[in-house]
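Below: one structure, written as structure tokens.
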Amino acid sequence: MKREHNMDAYRGINEQVSIVVPVYNVAEYIAETIHMVEQQTYTNWELILVEDCSTDNSYERIKERIRKSAHADKIHLIRQSRNGGAARARNTGVNVARGRYIAYLDADDVWLASKLEEQLLFMKQKSAAFSFTSYEYGDERARPTGRIVHVPGKLNFKKALSQTVIFTSTVMFDTWHMDKNLIRMPEIGSEDTATWWKILKTGITAYGMDRVLTVYRRSANSLSANKVVAVQRLWNLLRRVAGFGTLLSAWYLMRWAFHATTRRVWFKKVNGRSDSKNRIMILSSGAAELFAMTAVYAYVWFHMYYPILQQQRISVDGYDFGKGLKLYSKGHLLVLVIYFVLMFFFLKMYRGTGLGESKPGSTFFSQVFAILTVDAITYFQLSLMRNWLVSPRPMMMIVVWQVMISLVISFLFYSIYRSVFPARELLLISNEDNVEPILGRFSMRADMYYIVKTVNLQQEMDKVKELCREYASGVVIWNVADQKRYELLRYCYEHNIRVYLMPQMEDVLLGGIEKLHQFDTSIYLLSNYPEQIEERVLKRLLDIVVSLLLIILTSPVMLMMCIYVRCCDQADAVLSGRNAVPEMNVFLNC
């Protein structure tokens with residue numbers, strides 16, 4: 001059923017967003033709020049305004065604005081019989097909401113025009129029931145102040161206790177994937193945070209979209225004063241809603257203060273990430289891992305292998321090869337440099353250097369292959385120096401320690417990298433209306449990429465190019481005709497915009513070209529030669545040798561499995577009253 005719902009979502013069926021806005025004494029803002037919703041690039045919405053017995057003329061302003069609106073049929077005004085507060089007003093709006101998705105909006109806050117479109121696309125790629133976005137503080141006129149609250153990629157209940165980063169006007173819920181009753185707010189202080197905790201306590205994960213789509217209108221005088229109020233409210237929530245004791249509440253309050261402080265300092269340093277920072281972090285981590293692996297080898301070299309190589313070289317049959325190996329500092333350095341270069345080469349060849357960018361499991365296994373290869377080569381190098389096979393135990397110790405280093409660094413660095421560099425925001429350009437297959441592919445690496453906006457090339461090319469500049473973090477060109485494809489590629493290249501390209505047939509063919517330097521102009525050689533007879537024979541011989549080796553290695557295991565299965569069958573026969581096969585009695589007796 002869940003899959004059917006996702007299919008419907010991509011086809012635009014029942015994708016309405018119900019926007020719930022509590023209204024109380026916001027006459028100066030409410031017309032702007034309605035206009036802002038009407039300007040959303042995503043048009044399948046309904047606006048539910050719950051008027052909570054304002055003492056100004058908010059109700060009259062709303063009615064007047066609806067009469068002039070071209071979207072009057074999509075705007076619903078509900079007037080409460082008595083003032084009940086923001087929580088009760090939102091709950092009233094949720095009760096009448098008809099959309100699959102529900103979004104909260106405070107009447108004095110401001111949404112970007114693409115807010116609904118981008119957040120919906122984000123939720124589909126994450127299969128999220130609960131999402132929220134980053135936001136920016138604004139002044140009394142909602143002019144951005146530059147103070148941005150960034151959000152983590154995921155938030156569970158435990159993390160939410162010390163990270164109150166979910167802002168009400170940024171949240172959106174998918175009622176197909178969560179109980180609608182969870183969205184209703186309790187009528188207590190900090191009802192919004194209490195609601196998020198209630199939802200997350202059920203095991204639902206909140207997904208954060210680190211993109212500013214909302215401006216939080218705040219007066220300058222209220223910013224410092226509300227910090228004290230925020231501490232008092234969080235303390236009450238920890239004690240009453242979470243049900244913690246004094247010590248545990250104090251612990252989470254300190255963690256909250258620590259996260260709030262470090263988040264501001266950290267994001268000032270790393271926000272606005274660039275590819276250069278990305279590369280520096282990957283290179284530094286890769287270099288650290290290479291030096292650590294070389295250090296393990298250096299320890300074993302100086303303490304185990306070099307003392308052996310210094311001894312008189314005498315074979316097992318008594319033949320004297322002469323004096324042992326004598327090295328000075330430069331000789332030792334050369335041995336370690338050769339090992340370092342070998343390790344770097346094979347890590348690069350097996351693609352084990354993509355720390356942070358590749359999945360940690362894939363990186364780890366690639367590095368294990370590189371470690372085994374380099375250490376096997378090094379072992380035979382040492383044996384040649386000795387003129388006989390040296391003990392493999394020190395080399396096995398090297399392998400074990402290096403595998404442990406690789407395991408720790410692969411997963412630890414991936415976690416650090418993903419916390420510093422969130423998923424890259426991409427613009428999808430395609431000729432297709434149904435982008436489900438494309439979104440599905442990119443959702444497989446949601447840790448690295450997510451599609452922020454989709455553009456169909458039926459629009460004017462100038463408009464598409466303008467969007468490319470806006471989403472300069474990356475552009476995906478998918479199934480685009482040759483002429484427009486070339487134009488977009490050239491434009492992105494000229495403006496230093498990263499491009500992810502769906503390969504076409506000519507791209508696949510050009511991937512196997514050979515560059516020739518026959519004269520002053522380079523030419524490409526593209527050929528399709530069939531395999532020669534000697535190549536076929538060599539491949540078949542290699543297949544046979546590898547198959548025989550695998551059969552020899554796995555035959556004991558297969559034999560034991562066969563004996564085990566036969567014994568189980570005979571045991572079942574005995575228990576059921578049938579006679580066992582005589583030749584298997586020996587196994588049963590054992």
Side chains of residues 391-403: which donor-acceptor partners sit under 3.5 Å, not counting sequence neighbours?
{"from": "Ser391", "atom 1": "OG", "to": "Arg393", "atom 2": "N", "distance (Å)": "3.4"}
{"from": "Gln402", "atom 1": "OE1", "to": "Tyr339", "atom 2": "OH", "distance (Å)": "3.3"}
{"from": "Gln402", "atom 1": "NE2", "to": "Met293", "atom 2": "O", "distance (Å)": "3.1"}
{"from": "Gln402", "atom 1": "NE2", "to": "Tyr339", "atom 2": "OH", "distance (Å)": "2.6"}

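Residue pairs satisfying the side-chain hydrogen bond (donor to acceptor under 3.5 Å, both in side chains) criterion with at least one member in residues 286-301, sequence neighbours excluded, are listed as follows: Glu289-Gln367, Trp301-His332. Residue pairs meeting the ring pair (Phe, Tyr, Trp, His ring centres under 6.0 Å) criterion with at least one partner in residues 340-359, sequence neighbours excluded, are Phe291-Phe340.
Here the straight-line distance linking atom CZ of Phe364 with atom CG of Leu407 works out to 4.5 Å at 0.5 Å rounding. Here the OG1-CZ distance, from Thr193 to Phe167, works out to 11.0 Å after rounding to the nearest 0.5 Å. The distance from atom CG of Leu428 to atom CD1 of Ile438, rounded to the nearest 0.5 Å, is 5.0 Å. A distance of 7.5 Å separates NZ in Lys465 from CG in Leu488, rounded to the nearest 0.5 Å. The line from CG of Asn431 to CD1 of Ile477 is 11.0 Å long, rounded to the nearest 0.5 Å. To the nearest 0.5 Å, atom CD of residue Gln119 and atom CG of residue Leu112 are 12.0 Å apart.
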Notebook entry, point to check: Could you walk me through whether Ser114 and Val452 pass the side-chain contact (heavy atoms from CB on, under 4.5 Å) check?
Noted result: CA-CA 10 Å; Ser114 60; Val452 176; over 6 Å; no
Notebook entry, point to check: Does the side-chain contact (heavy atoms from CB on, under 4.5 Å) test come out yes or no for Lys154 and Tyr207, once each step is laid out?
Noted result: CA-CA 5 Å; Lys154 290 182 181 180; Tyr207 287 85; 3.6 Å; yes
Next item on the list: Go through the steps for Arg211 and Thr133 under the test side-chain contact (heavy atoms from CB on, under 4.5 Å), then give the verdict.
Entry: CA-CA 6 Å; Arg211 183 169 172 82; Thr133 76; 5.8 Å; no
Check: Does the pair Ile166 and Phe130 meet the rule for a side-chain contact (heavy atoms from CB on, under 4.5 Å), with working shown?
Finding: CA-CA 11 Å; Ile166 304 178; Phe130 178 10; 4.0 Å; yes
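The backbone N or O of Ser410 sits nowhere less than 3.5 Å from a side-chain atom of Thr363 that would complete a donor-acceptor pair. With hydrogens and angles disregarded, a donor-acceptor distance shorter than 3.5 Å links the side chain of Thr202 to the backbone of Ile199. Side-chain atoms of Tyr500 never come within 3.5 Å of backbone atoms of Leu426 as a donor-acceptor pair (strictly under, hydrogens ignored).
Side-chain atoms of Phe302 and Leu336, non-hydrogen and from C-beta on, do get closer than 4.5 Å to each other. Val476 places none of its side-chain heavy atoms less than 4.5 Å from the side chain of Tyr449. Within the 4.5 Å cutoff, side-chain heavy atoms of Arg469 are placed close to those of Tyr491. Val335 is not listed as a side-chain neighbour of Tyr305, based on a closest heavy-atom distance of 4.5 Å or more. Side-chain atoms of Cys468 and Ile429, non-hydrogen and from C-beta on, do get closer than 4.5 Å to each other. Counting heavy atoms from C-beta outward, Lys326 and Gln310 have side chains that approach closer than 4.5 Å.
Under the rule for a side chain to side chain contact (heavy atoms under 4.5 Å, CB included), the partners of Thr353 that lie at least two apart in sequence or sit in another chain are Leu347, Lys348. Residues satisfying the side chain to side chain contact (heavy atoms under 4.5 Å, CB included) criterion with Gln311, sequence neighbours excluded, are Arg386. In this structure, the salt bridge (Lys or Arg N to Asp or Glu O under 4.0 Å) partners of Glu117, at least two apart in sequence or on a different chain, are Lys453.
Heavy-atom contacts from other residues, nucleotides or ligands closer than 6.0 Å to CG of Leu247 number 12 or fewer. Around the CD atom of Gln483, the shell of radius 6.0 Å holds no more than 12 heavy atoms that belong to other residues, nucleotides or ligands. Within a 6.0 Å sphere centred on OH of Tyr486, other residues, nucleotides and ligands contribute 12 heavy atoms or fewer. Residue Phe369 qualifies as open at atom CZ: its count of foreign heavy atoms under 6.0 Å is 12 or below.
Across Ser249 and Leu238, no two heavy atoms sit closer than the pair O-CD1, 3.4 Å. Between Leu200 and Ala160, the shortest heavy-atom contact is CD1-CB, 3.5 Å. In plain terms, the two heavy atoms of Ala128 and Asp174 that are nearest each other are O-CB, 3.8 Å. Between Arg485 and Leu501, the shortest heavy-atom contact is NH2-CD2, 3.1 Å. Across Tyr135 and Val165, no two heavy atoms sit closer than the pair CE2-O, 3.8 Å. Considering all non-hydrogen atoms of both residues, Phe132 and Ala206 come closest at CE2-CB, 3.6 Å.
With no hydrogens or angles considered, no side-chain donor-acceptor pair links Asn156 and Thr205 at under 3.5 Å.
Partner Met123 forms a side chain to side chain contact (heavy atoms under 4.5 Å, CB included) with one of Met209, Glu118, Met172 and no other, that one being Met172.
Aromatic ring pairs are classed by plane angle as parallel below 30°, tilted from 30° to 60° and perpendicular above 60°; the pair Tyr216 and Tyr137 is tilted.
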